[in-house]
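Count residues from 1 along the sequence.
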Amino acid sequence: SRNDGIYYGEHAYDVITRQSADGGLIITYTDITERKAAEQQVHEQKQELDKLNRQKTRLFSIISHDLRSPFTALIGYSDILVARGADLTPDEIVEYCTALKQSSERALGLVENLLAWANTQMDRTTTEPVRLDFAEVADQTINLLNLNAREKQIVLENRVSDMPLMADANMTRAILRNLLSNAIKFTPAGGRIVIDGMMMEGWAEISVSDNGIGMTTE
């Protein structure tokens, strides 16, 4: 028995006891198995909803925080081009336009992450494995985040030279972009972040390592 009823096998019973007029004891058992199952389902749904709400709150917090960096760069470089465009050298214009492009791509990447999360909540996420070169994906991701890394004097290094994969391109890029973004965020100025990988029995093992603050085993 439990404090919320008596359980026998897969059935749950509500128990009511009362004294009869002749001094005996009347025990009434009511099968509440379906009610308990419904209550458990509601409880599990509430837990899942609470979990999704926490994830949503955390995601929007991260997105709103991380979007400030590329948009600050976009506004800053745009202001320079507007205010000093006539006086800039061709090399300076190329430099600022390159920075604008990188900041735009980073902002787009963050928005794509947000949309990907929204799709998962609507059960619309699908995987489409294609042949891709992970070394190329790593180079593209480094180019995308290099502006943020340079601001902290952090070196991003790709040690993968040839690693053909069969994987979902968007998910692979999103995962690597998230790992690198976190590494940049928690690595002190002057640090180094390395992308490496190796093939093992038909599987690829990919690592993003840094000399930042690290994390606990848990």
Side-chain angles (χ1 to χ4, degrees), residues 52 55-74 77 95-187 191-215:
L52 290 175
Q55 290 176 341
K56 179 189 68 175
T57 300
R58 182 170 180 271
L59 178 71
F60 280 116
S61 175
I62 293 171
I63 291 292
S64 62
H65 177 271
D66 287 358
L67 274 176
R68 288 190 179 96
S69 176
F71 275 108
T72 297
L74 282 171
Y77 287 122
E95 178 186 351
Y96 292 138
C97 287
T98 300
L100 282 171
K101 179 177 181 295
Q102 291 174 340
S103 296
S104 301
E105 289 173 340
R106 168 146 174 75
L108 177 60
L110 290 168
V111 172
E112 286 177 343
N113 282 348
L114 180 60
L115 294 175
W117 178 87
N119 281 334
T120 63
Q121 304 315 303
M122 295 184 291
D123 293 326
R124 289 174 52 189
T125 299
T126 58
T127 57
E128 296 181 6
V130 296
R131 294 191 180 278
L132 55 86
D133 181 1
F134 182 76
E136 182 179 343
V137 172
D139 283 336
Q140 292 171 349
T141 309
I142 285 176
N143 291 335
L144 180 63
L145 301 179
N146 227 1
L147 180 63
N148 284 6
R150 288 206 305 266
E151 289 175 353
K152 295 181 64 176
Q153 294 84 49
I154 293 173
V155 175
L156 302 181
E157 179 184 354
N158 176 21
R159 294 182 181 173
V160 179
S161 58
D162 181 28
M163 183 175 284
L165 299 181
M166 193 70 180
D168 184 280
N170 290 330
M171 289 186 180
T172 302
R173 292 190 181 97
I175 291 168
L176 184 59
R177 187 167 60 239
N178 288 336
L179 290 174
L180 276 182
S181 296
N182 284 338
I184 292 170
K185 184 182 299 183
F186 295 107
T187 297
R192 177 179 292 270
I193 301 170
V194 177
I195 304 173
D196 207 346
M198 60 186 297
M199 299 299 297
M200 297 187 305
E201 298 180 356
W203 290 90
E205 180 177 281
I206 296 164
S207 66
V208 175
S209 58
D210 60 64
N211 57 351
I213 61 175
M215 61 182 73

Where [X] and [Y] come nearest, the two heavy atoms and their spacing:
X: Glu128; Y: Asp168; value: N-OD2, 2.7 Å
X: Glu205; Y: Met200; value: OE1-CE, 3.3 Å
X: Ala135; Y: Ser161; value: CB-O, 3.7 Å
X: Ala169; Y: Leu132; value: CA-CD2, 3.6 Å
X: Ala204; Y: Met199; value: CB-SD, 3.7 Å

Hey, are the side chains of [X] and [Y] touching, using non-hydrogen atoms and a 4.5 Å cut-off?
X: Thr141; Y: Asn158; answer: no
X: Val137; Y: Val160; answer: no
X: Leu176; Y: Phe134; answer: yes
X: Leu74; Y: Leu100; answer: yes
X: Leu165; Y: Ile206; answer: yes

Looking at [atom1] of [X] and [atom2] of [Y], how far apart are the two atoms once the value is rounded to the nearest 0.5 Å?
X: Ile184; Y: Arg150; atom1: CD1; atom2: CZ; result: 11.0 Å
X: Asn146; Y: Asn143; atom1: CG; atom2: CG; result: 6.5 Å
X: Leu180; Y: Leu156; atom1: CG; atom2: CG; result: 6.0 Å
X: Asp210; Y: Ile195; atom1: CG; atom2: CD1; result: 11.5 Å
X: Tyr77; Y: Lys101; atom1: OH; atom2: NZ; result: 14.5 Å
X: Arg159; Y: Ser209; atom1: CZ; atom2: OG; result: 6.5 Å

Just checking Phe71: does its CZ atom have more than 12 heavy atoms from other residues, nucleotides or ligands closer to it than 6.0 angstrom?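 No.
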
Can you confirm whether Met215 is buried at CE, in the sense that more than 12 heavy atoms of other residues, nucleotides or ligands lie under 6.0 Å from that atom?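 No.
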
Is there a donor-acceptor contact under 3.5 Å from the side chain of Asn211 to the main chain of Arg192?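 Flag set: sc Asn211 to bb Arg192 pair under 3.5 Å.
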
